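Just so it is clear, the structure is predicted and the values come from calculations on it, not from any experiment. For the numbers below, each heavy atom of this structure counts, side chains included, while hydrogens, waters and symmetry mates do not. Naming: A, B, ... by sequence-line order, numbering from 1 per chain.
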Number of protein chains: 2
Amino acid sequence: MPTTPSQYREVAQRIRDRILRDRVYLPGAQLPKEFELAAELGVDRATVNRALRVLAAEGLVYVRRGKGTFVSTLLTPIHRNAAARYRPENRTEGGGRGAFDVEIRRLGLEPKSELTVSRVPAPEVVAKVFGVEPGTEVVARARRMFAGEAPVQIATSYIPVDIAAGTALEEQDSGPGGIVSRFAELGYAQVRMSERLSVRPPADEEANFLKMTPDQRVYEVVHVGWTAEGRPVEVCVHIMPAHLWELEYDWEVPVG
Amino acid sequence: MPTTPSQYREVAQRIRDRILRDRVYLPGAQLPKEFELAAELGVDRATVNRALRVLAAEGLVYVRRGKGTFVSTLLTPIHRNAAARYRPENRTEGGGRGAFDVEIRRLGLEPKSELTVSRVPAPEVVAKVFGVEPGTEVVARARRMFAGEAPVQIATSYIPVDIAAGTALEEQDSGPGGIVSRFAELGYAQVRMSERLSVRPPADEEANFLKMTPDQRVYEVVHVGWTAEGRPVEVCVHIMPAHLWELEYDWEVPVG
DNA sequence: GAGTGGTCTAGACCACAGA
DNA sequence: CTGTGGTCTAGACCACTCG
């Protein structure tokens, strides 16, 4: 509740206006250096620096150390519809048209992702869902995802070894329909899903890969897929820069 | 990607540890003044101030101008299950046991809320959902919600005038089962719901009521209720401090 | 008025990018 | 080696709370 004046916010607002309203600085363009902005706006460089930190935290600009400050090119959020992305027609993952691909192409960008499959000790959250001791070995499918050249998400699926061992779930190429289809073929059809989401500052490693500042925030989405018997068979943890994504959920209301 | 040392982050981490791990500063307790922390940790007061800003942004501490800095008391997030909260058994709102009440009492806190009913020009988002001109008159039910003394949410429902005029939807007390039950009685049973959520810095007015700093973030959840005919009959915009809430969504997966 | 935090300036030094 | 941002310090002044 800053009743205090606050020049740095005024400076931030003026620069924000130049970007969004007056289009003085276009997406991708480099801003004047801090020293110049300071001189032009009649404040100290420290004040401009703080203002730019605010705009960077919002995702409006990004800073490349030693190079300069630039207007972000991804000004429209990426839309993710949780229920829709798991419907069969959106899951033709093997053919290169998975839900993520659709989400990114909708913005006219080129999706890209890198997958690493391995066995790891179950993280705490995952162990809790599976009902095993933390540290129990599970299969991990870690995906690092990009829109164009920009990293936009880390998604790591965890699967109990007794389900995945020796199956397509441990392969690099999960085949047509994505891994949800493989689960079904193995007798673990997922009939119910849940997602629990929170927002927090990025961990160092996350900030590093996602090119985020400590002032920005990530969504942490813990997705769980359940079989008809009520067994959780897949936990997927999604980490997404909060300023880049808009999330949607749809559901039917039970009669009553 | 701060490969730069950064004393202020180290200071923040040391204070964070004292709160979470070593329990030197307990929930509700006042921290030493910035000047003292600075002397003790061997840094300038500006550095301590910046470190505390980081912790305040996370919601771990809060600052009362002129008084001091205190450890937050709400260290466990409030859990909100979107689908569950609209199920009939959780909607006995009139009796003082609505979904929000349950969410807060689960943490051992006392829920409280203030309602203001009025007619207002439709905000842009709302107008778009209803398919009317922005500025068209709609009924607004604005709720400001508290957990104990702490403000935790602003929720404003918008309803087309042709539906709400002269009905219980314009009354202060919406009666048993909450307004969703009233919609059903009026022939507008909501059979499908959607929520679109994003994260952003609080607007000044929001920060003011929710007692937030500009470095914190809010969820903006746009909830829409649809009838079987596909008409959107209610838009509810929820504003929640992101560090206070954890959101959950459950859904069934169509067979295939 | 005393106590506490919020912000601003001025100057200095460091880290990283690129020629 | 130069240019750009990131951070730290020291000192000053302002705003809000409470006695």
[X] vs [N]: side-chain N/O to OP1/OP2 distance below 4.0 Å:
X	N	answer
K33(B)	dT4(C)	yes
R64(B)	dG5(C)	no
N49(A)	dG5(D)	no
Y8(A)	dC8(C)	no
T47(A)	dT9(C)	yes

Whole angstrom value for the distance that separates [atom2] of [N] from [atom1] of [X]:
X	N	atom1	atom2	value
K211(B)	dT17(D)	NZ	P	11 Å
Y62(B)	dT4(C)	OH	P	16 Å
L52(B)	dG5(C)	CG	C1'	10 Å
D44(B)	dA10(C)	CG	P	17 Å
E34(B)	dG3(C)	CD	C1'	12 Å
K67(B)	dG19(D)	NZ	C1'	13 Å
R45(A)	dC13(C)	CZ	C1'	11 Å
R53(B)	dC8(C)	CZ	C1'	12 Å

Query raised in the report: What is the ring orientation for H238(A) with H223(A), classed by angle as parallel under 30°, tilted 30 to 60°, or perpendicular over 60°?
Result: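 Perpendicular: the ring planes of H238(A) and H223(A) meet at over 60°.
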Query raised in the report: Nearest to the side chain of A46(B) - dG5(D), dA17(C), dT9(D)?
Result: dT9(D)
Report task. State which of dT9(C), dC16(D), dG5(D) makes the closest approach to the side chain of T69(A). Result -> dG5(D)
Query raised in the report: Would you call R196(B) and E246(A) a salt bridge, using N to O less than 4.0 angstrom?
Result: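 Yes, charged N to carboxylate O under 4.0 Å.
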Query - Distance flag, aromatic centroids of F146(A) and F209(A), threshold under 6.0 Å - result: yes
Query - Close side-chain approach of L31(A) to L52(A), heavy-atom, < 4.5 Å - result: yes
Requested in this report: Mind running side chain to side chain contact (heavy atoms under 4.5 Å, CB included) on L41(B) and R14(B) for me, showing each step along the way?
Outcome: CA-CA 9 Å; L41(B) 300 173; R14(B) 291 185 62 171; 3.5 Å; yes
